[in-house]
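Quick note: numbers below take in every heavy atom, side chains included, and nothing from hydrogens, waters or symmetry partners. Sequence lines set the chain letters: A, B, ... in the order given, protein chains first and strands last, and positions in each chain run from 1.
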Amino acid sequence: MTKPSPKISKNSRERQAEEPQVSQLIQARVKKLRDLAEAGIPGFATGFKPDVSAQAFAQKFAMITESDVSDAMVRMAGRIIALRIMGKATFLRLRDASGDVQAYLARDTLGADDYKLLKQLDIGDIIGLSGVPFRTHTGELSVNVKDLKILTKALRPLPEKWHGLTDVETRYRQRYVDLIVNPKVREIVRSRTRIITEIRNFLTDQGFLEVETPMMQSIPGGATAKPFVTYHHSLDRNLYLRIAPELYLKRLLVGGFDKIFEINRNFRNEGISTQHNPEFTMLEFYQAYATYSDLMAMIEQMVSKVALEVLGTLKVTYDGQEVNLTPPWDRMTVREALLRYADLTEDEVDDRNSLFIKAVEMGLQVDKDDPRGKLWMAIFDEVVENKLWGPVFVCNYPVEVSPLARRNEDDPTVTDRFELYICGREIANAFTELTDPLDQRSRFEEQVLARAAGDEEAHFLDEDFLRALEFGMPPAAGAGVGIDRVVMLLTDSRSIREVILFPHMRPEKGGQ
RNA sequence: GGGCCGUUAGCUCAACUGGUAGAGCAACUGACUCUUAAUCAGUAGGUUUGGGGUUCGAGCCCCCGACGGCCCA
């Protein structure tokens, strides 16, 4: 590959000229790189194999005392995050993927030549070292370094050691720096992965098969949302990034799979906020011969099990308030929730005109032709949602806002659908699936009318999906669980951007 | 989409009523063989987010834009 040349290319020199303040700090490090090269030492090495992590080192040698002289050689590698040079002795703090370790370098142990190398070291460099464990006078387990190798010279300085990097904009834009200096961020990443792994295990253990369905779709469906449009050149047609996998997963039910799930990204062309990223991760699972009641029990089990596995407790603190995830969770209908939280009487909640007047009084954007179900949900979103702190399944959503859900057998104006709310946020959405292709067609047609009337979020009519239903889909229930929301809940994160490694940002100035 | 707030050295922050832009850390030079925000002495580092305006004079006041945060829809 490229030889370890200390020379900066013309381009980088020009670029640095545009950033004079950076260049001064960078150039000091480039000079060290050049000095190293002149001494025959590459600034970007390869081939060093550590044999113990910082965490394993701490466990393995926990019993070492100050008077012990160990001859157990260890090889460790990591990034220098603190450097204290005191003449002929030096302490540095090394950070690897597992944690931190302190290293001690004495001229007499390391040799005068190697000790001189220290002059060329900076905070941020990645080094490899070999040495023996010992305990310092102040009691800290450390490595007494016998041999030192620079693995990667860092050309940019890390943020200040005391306050670190706190500017949220820089943290998200330069997540790599955030990850280096803010251990909490790494923890959230690990928690996220564990949560997803636990969910996957839970479903797999119950006989669910993980599948992948198209993320680029000709007809976006399965949710009420505005899609992103992209373009396929050789097909000369628009494609949409999926807003949900639902219609494809149901095709698989038609095809004969009876327990399936998918964990993957959905894309919705909506505003960006602390609660919304344009791409977000969703679990959807479908089970034949199940009803939405079965899924309530299942989600209750799944989320509480994941919380227990990842946090070790079912009492979660979110935003300073406790929420207890111990099953069983509350269940109430949308109508009951409105009566309880929205200051409506029984007569008002059942009367479209009263609801409309209420909604207008609240300053909600409602249309005078909106059906009762739409008004219900407008009021629900406004005043009920954020009051639902404890885990609660809100059931029986109006048919007008549930074009893919099966009608309730006792009350055909609502569907066998629920949403799960925890800490005032929607976590999951599930329903007994509509299997009747004729009913499904008429629901789609209503959506097409809404779209023609200007509703950009209304569903498209998917003729192939209807054809699939006409072949017969087994009775089934399906659920969508917002993975980012679950991770936020279990990591006490108030912004979705904290749980997404690279959240969407507008281009920074001077960016492409 | 609307309102409010913010953007000053690589990082974290100061700068009174409009009057020469500062500090700590990081960097550089030197001292120092058990430090842990190491210490001590010295040096250097700025298009104050961009553009325009008012003014003898603008980091500060006014206008427009960029990006971010919070709240609202």
- Query: Looking at Tyr397(A), is Arg417(A) sitting on its ring face, NZ or CZ under 6.0 Å from the six-membered ring centre and within 45 degrees of the normal?
  - Reply: yes
- Message: Under a 3.5 Å threshold, yes or no: a donor from one side chain and an acceptor from the other, between Ser98(A) and Gln55(A)?
- Response: no
[X] [atom1] to [N] [atom2]: how many Å, rounded?
X         : N      : atom1 : atom2 : answer
Asp125(A) : G10(B) : CG    : P     : 20 Å
Leu155(A) : G10(B) : CG    : P     : 16 Å
Trp162(A) : U12(B) : CH2   : C1'   : 12 Å
Glu140(A) : A37(B) : CD    : P     : 10 Å
Leu83(A)  : U33(B) : CG    : P     : 16 Å

Consider the side chain of [X], meaning its heavy atoms from C-beta on, and name the nucleotide among [options] that approaches it most closely.
X         : options                : value
Met505(A) : G68(B), A26(B), U33(B) : G68(B)
Arg497(A) : C34(B), A27(B), G69(B) : G69(B)
Gln102(A) : U35(B), U33(B), C11(B) : U35(B)
Val168(A) : C28(B), C34(B), G68(B) : G68(B)
Lys119(A) : C13(B), G69(B), G30(B) : G30(B)
Asp122(A) : C34(B), G10(B), A27(B) : A27(B)

Could you tell me whether the phosphate oxygens of [N], OP1 or OP2, come under 4.0 Å of any side-chain nitrogen or oxygen in [X]?
X         : N      : answer
Arg84(A)  : A38(B) : yes
Lys31(A)  : A27(B) : no
Arg506(A) : C67(B) : yes

Closer than 4.0 angstrom, basic N to acidic O: yes or no for [X] and [Y]?
X         : Y         : value
Arg192(A) : Asp484(A) : yes
Asp147(A) : Arg75(A)  : no
Arg242(A) : Glu279(A) : no

Tabulated below should be each protein N or O lying under 3.5 Å from an N or O of nucleotides 70-73 of chain B; please produce it.
{"residue": "A73(B)", "atom": "OP1", "partner": "Glu382(A)", "partner atom": "OE2", "Å": "3.2"}

- Considering only heavy atoms and no angle criterion, is a donor-acceptor pair shorter than 3.5 Å present between the side chain of Thr136(A) and the base of U35(B)? yes
- Message: Determine whether a donor-acceptor pair (one donor, one acceptor, N or O, separation below 3.5 Å) exists between the side chain of Glu160(A) and the base of G10(B).
- Response: no
- C1'-based separation of A9(B) from C5(B) [nearest Å]: 24 Å
- Query: In whole Å, what separates the P atom of G50(B) from that of U29(B)?
  - Reply: 32 Å
- What about Phe444(A) and Phe460(A), are their ring centers closer than 6.0 Å? no
- Item | Which nucleotides of RNA chain B pair, in dot-bracket form (Watson-Crick or G-U under 3.5 Å, | meaning another strand) | (((((((..((((.....[..)))).(((((.......))))).....(((((..]....)))))))))))).
- Message: Need one value for Ala28(A): base, sugar-phosphate or nothing, where a base atom within 4.0 Å counts as base even if backbone is also close, heavy atoms only.
- Response: sugar-phosphate
- Have a look at Asp167(A) and say if it touches a base, only the backbone sugar-phosphate, or nothing, with a 4.0 Å heavy-atom cut-off. sugar-phosphate
- Item | His163(A)-U12(B) aromatic stacking (under 5.5 Å, under 30°) | no
- Item | Phe393(A) and Phe418(A) aromatic ring geometry - parallel, tilted or perpendicular at 30°/60° bounds | perpendicular
- Closest nucleotide of RNA chain B for Lys88(A) versus for Leu165(A): which of these residues is on the 5' side? Leu165(A)
- Query: Between Glu169(A) and Phe91(A), which has a closest nucleotide on RNA chain B that is more 5'?
  - Reply: Phe91(A)
